[in-house]
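Only one structure is covered here, and it is reproduced in the block below.
Hydrogens, waters and symmetry mates are skipped; everything else that's a heavy atom, side chains included, is used. Residue numbers run from 1 in the order of the sequence given.
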Amino acid sequence: MNNFSQEDKKIFEEIEKIREEIKAQNIPITLKDYGAGDPKENRDEEQMYKGVEKVTNSFDLCSIGLKNEWAQKLYFLVKQNKPKNILEMGTCCGFSSIYMAKANKTSNIFTIEGDCNVAQLASNNIKKANCTNIKQFIGKFQDILQEVLEEIKTIDFAFIDGHHDKNATIKYFEQIKPYLTNNSIVVFDDISWSKGMQEAWEVIKKDTIIEKIEDLNKLGICYIR
């Protein structure tokens, strides 16, 4: 994974420059968090569906998400496997989408974000990165995932980085399974983030459709038969 070309390294620098620029602007953002919140929180399904309002800023928001070696791992997986259709659950500021879009320009990235203000920030970043192979969807996973799946029809690569709830994570995996192609890859972020996410990963990695797994403590990578 460390054998990146000079062109790859230039791409990483350009993406991170966009991240640093938007962080420096420190734009106030009001959003609704439809996920599990903090690892110590114990939100129920109703709270997560309604969402919890938060006031944050572009510095804090762009500081989370995949970066450095983790973002580069995602880039490497896409560059190496060249998936046609990529599903991302949890756009956030758009940087994971951008890394995947730059890794293989013929891939189609379909990315879902629950909050419209966060999605707008991501849209701005995607435009700055000149990525034309990313399609954004705005809505709660529970509401629009099925609609997105029916539009995509087949998934060659999925990156699941949202909600961070045990039952929801297992449910979404079950929901996308019928759309996964042979030799597809499913990547879960934050598999050690909470007790619930650890338990979800233990359930998912035993699924019979998985040929092998890569457990990187933060990322869990499933290679589908």
Residues [X], [Y]: salt bridge by 4.0 Å N-O rule:
X      : Y      : value
Glu69  : Lys73  : no
Lys177 : Asp207 : yes
Lys102 : Asp8   : no

Judged by modelled atom types alone, do [X] and [Y] share a side-chain donor-acceptor pair under 3.5 Å?
X      : Y      : result
Asp215 : Trp201 : yes
Gln120 : Asn124 : yes
Asp156 : Ser184 : no
Gln136 : Thr111 : no

Examine Tyr34 together with Tyr49 and report whether their ring centres are nearer than 6.0 Å. no

From NZ (Lys135) to CD1 (Ile126), nearest 0.5 Å: 13.0 Å

Verify the neighbour count for atom CD of Glu150: are there more than 12 heavy atoms of other residues, nucleotides or ligands below 6.0 Å? yes

Taking Asp165 for its side chain and Ala168 for its backbone only, find out whether a donor-acceptor pair lies under 3.5 Å. yes

Do you know the tightest heavy-atom contact between Leu121 and Ile29? CD2-CD1, 3.7 Å

